[in-house]
Amino acid sequence: MSDISIPEKWRWFPQARFGIFIHWGPYAQVGRGEQVLIREWLDHREYAAAACRWNPRKFDPRQWAATARLGGFRYAVFTARHHDGYCLWDSRLTDYTSAVQAPKRDFVAEYVEAFRAAGLRVGLYYSLADFRVPAYLEGPDINPAGWRTFCEYVHGQVRELLNNYGKIDVIWFDGSWPRTREDWRSEELVRMMRGLQPDILINNRLGKPAVKPAGPDHYKNMLEDAGHSRELGDFGTPEHSITADPGRLWESCQVSTWRLWGYTIGEHWRPAELLLDMLVDAAGQGGNLLLNVGPDADGVMPPEFVERARVIGDWLRVNGEAVYGTEARELPDTVTLGRLSCRGNNLYLILRFWDRRLSLRLPWLQTRVRRAALLGSDCPLSVSQNDWELTISGLPPQMERMLFPVIRLECDAPPAVHPSAGKSPLWSDHPLCYVPWARRRGESVWVDGQAR
């Protein structure tokens, strides 16, 4: 998606490309993820009593912001309230908050202040769901009066978050399932948010249009799309996948562990290389990566995450131009080498697999390349090009930085693929796109391609 079609007030979002998602709340005490209350059917009174005692004395949002800066993140999204209903701000609509209970602190206010001071954009996550409340579970058909009261509560809390903390750059909804956008009065909610914060970016999880139940899989199908809507919200939110949302801004949300979002004791961590690959994959397709961390019950970010953030941040300080502000383009398949990204007339070849050869080929790039440079190195590279391929020579036998070296190709125009070349990865397009390439050999099954 080109920046040309994006309103000026939102252009920071594709420029940023990399956000940090922070899942934190009293569920961190249990240490089995953010949805442990629901997934394990915990006793509500016991959970609430423990939540009211929760007092993370080591919470220091300035340290969180420092970690975000270290990792090259440009914005953050913080869970103001998750599905357990506990609020991390001073809500006047409930006493189930960090301001009233043991901490006596408005964690949202402290987060917003610290991240703004660090030069980062600020976002807030808000779950529409509250699994403590029967009216939410019953819905408007079974409990219309209770639903009206609960829906007013939700709208009122969103109003608080957008009224009381200055400019909020992103609001990130979740938990609309299994209700529709009509149930949530989502269009009314959007109008209210636009009135309070005209520049805010709203995600796409505000409920699907009303549909009649269609068999036993109806609610399952609604859950799988998480209430995603193309009519409401400003950006798509593919979860656990890097999947472009054509024609709009989009952001893939991903965990840095194997599966869970909230702090989990004993969870395995994905390696920095994999996290970086997700970032460059999203950026190359014109999207953002919102990478999650779950701080522990004391408010400390796990050292495993901090170390991975440092590694990625070090890479971005050298190669960030291949990620920040990149644009979506149709480009050749380069899975055997790595990934591609574009910005203006520059094409970036991000080498996931460096085989230490002194030259490499990039087939079917139509745009003429003026020069090539290995980012972070003064090693001189040379290029030669014909109608079918580009050859880059002069690569060093040993890279100083082995984590995804990046070659910048400076082109005469925005990079484009030869008209007769396949623009899609292998197996995903019609085989006719490969005919010109095959015909260069000949027509027959013999070694030389010539008929006998």
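The residues of the chain are indexed from 1 along the displayed sequence.
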Checking Arg179 side chain against Ala129 main chain: does a donor-acceptor pair fall under 3.5 Å?
no
Please determine if Glu188 and Arg191 form a salt bridge, counting it only when a charged side-chain N lies under 4.0 Å from a carboxylate O.
no
Has the side chain of Asp298 got a donor or acceptor atom that lies under 3.5 Å from a matching backbone atom of Pro56?
no
Can you tell me if Arg17 and Thr326 form a side-chain donor-acceptor pair at under 3.5 Å?
yes
So, for Phe115 and Tyr111, is the gap between ring centers shorter than 6.0 Å?
yes
Would you check if there is a donor-acceptor pair between the side chains of Tyr75 and Glu251 at a distance under 3.5 Å?
yes
Just checking, is any N or O donor in the side chain of Tyr153 or Asp130 under 3.5 Å from an acceptor N or O on the other one?
no
Would you say the side chain of Leu201 lies within less than 4.5 Å of the side chain of Trp172, judging by non-hydrogen atoms?
no
Determine, using ring centers only, whether Trp24 and Trp54 are less than 6.0 Å apart.
yes
NZ/NE/NH1/NH2 to OD/OE distance under 4.0 Å, Glu152 and Arg185
yes
Step through the shown structure and confirm whether more than 12 heavy atoms of other residues, nucleotides or ligands are within 6.0 Å of CD on Glu113.
no
Spell out, as yes or no, whether a donor-acceptor pair under 3.5 Å connects the side chain of Trp12 to the backbone of Asp169.
no
Does a donor on one side chain and an acceptor on the other come within less than 3.5 Å for Asp84 and Tyr27?
no
Assess whether a salt bridge exists between Lys9 and Asp234, defined as any Lys/Arg side-chain N lying under 4.0 Å from an Asp/Glu carboxylate O.
no
Do the charged groups of Arg408 and Glu410 touch, with an N to O distance under 4.0 Å?
yes
Thr67 side-chain N/O to Val306 backbone N/O, donor-acceptor pair under 3.5 Å
no
Taking Arg81's backbone N and O only, do any of them form a donor-acceptor pair with Thr79's side chain (distance below 3.5 Å, no angle check)?
no
Ion pair check, Arg45 and Asp43, cut-off under 4.0 Å:
no
Listing, residues 89-97 side-chain donor-acceptor contacts under 3.5 Å, not counting sequence neighbours, or none:
from	atom 1	to	atom 2	distance (Å)
Trp89	NE1	Glu160	OE1	3.0
Asp90	OD2	Arg92	NH1	3.3
Asp90	OD2	Arg92	NH2	3.2
Ser91	OG	Leu93	N	3.2
Ser91	OG	Gln157	NE2	3.1
Ser91	OG	Glu160	OE1	2.8
Thr94	OG1	Tyr96	N	3.1
Thr97	OG1	Ala99	N	3.3
Thr97	OG1	Val100	N	3.1

Could you verify whether a donor N or O on one side chain and an acceptor N or O on the other, from Thr237 and Asn204, lie under 3.5 Å apart?
yes
Donor-acceptor pair between Gln15 and Tyr324 side chains, under 3.5 angstrom:
no
So does Arg270 get a backbone contact from the side chain of Arg308, meaning a donor-acceptor N/O pair under 3.5 Å?
yes
Is there a side-chain contact between Leu128 and Phe173, using heavy atoms and a 4.5 Å cut-off?
yes
On a heavy-atom basis, the closest approach of Leu120 and Ala65 is CD1-O, 4.0 Å
Ring-plane angle category for Trp261 and His240, please: parallel below 30°, perpendicular beyond 60°, tilted otherwise.
tilted
Can we call the ring centroids of Phe235 and Phe13 under 6.0 Å apart?
yes
Determine whether more than 12 heavy atoms belonging to other residues, nucleotides or ligands lie under 6.0 Å from atom CZ of Arg194.
yes
Exam field: side chain Trp269 to backbone Phe305, donor-acceptor pair closer than 3.5 Å:
no
Any donor-acceptor N/O pair, Ser176 side chain to Leu206 backbone, under 3.5 Å:
no
Strictly by modelled atom types, are Arg339 and Thr334 linked by a side-chain donor-acceptor pair under 3.5 Å?
no
Tell me yes or no: between the side chains of His23 and Tyr125, is some donor less than 3.5 Å from an acceptor?
no
Between Glu267 (side chain only) and Leu260 (backbone N and O only), is there a donor and an acceptor less than 3.5 Å apart?
yes
Is there a donor-acceptor pair under 3.5 Å between the side chain of Arg329 and the backbone N or O of Arg343?
no
Please verify the inter-ring angle class for His83 with Phe131; under 30° counts as parallel, over 60° as perpendicular, anything in between as tilted.
tilted
So do the side chains of Arg259 and Thr264 get within less than 4.5 Å of each other, counting heavy atoms only?
no
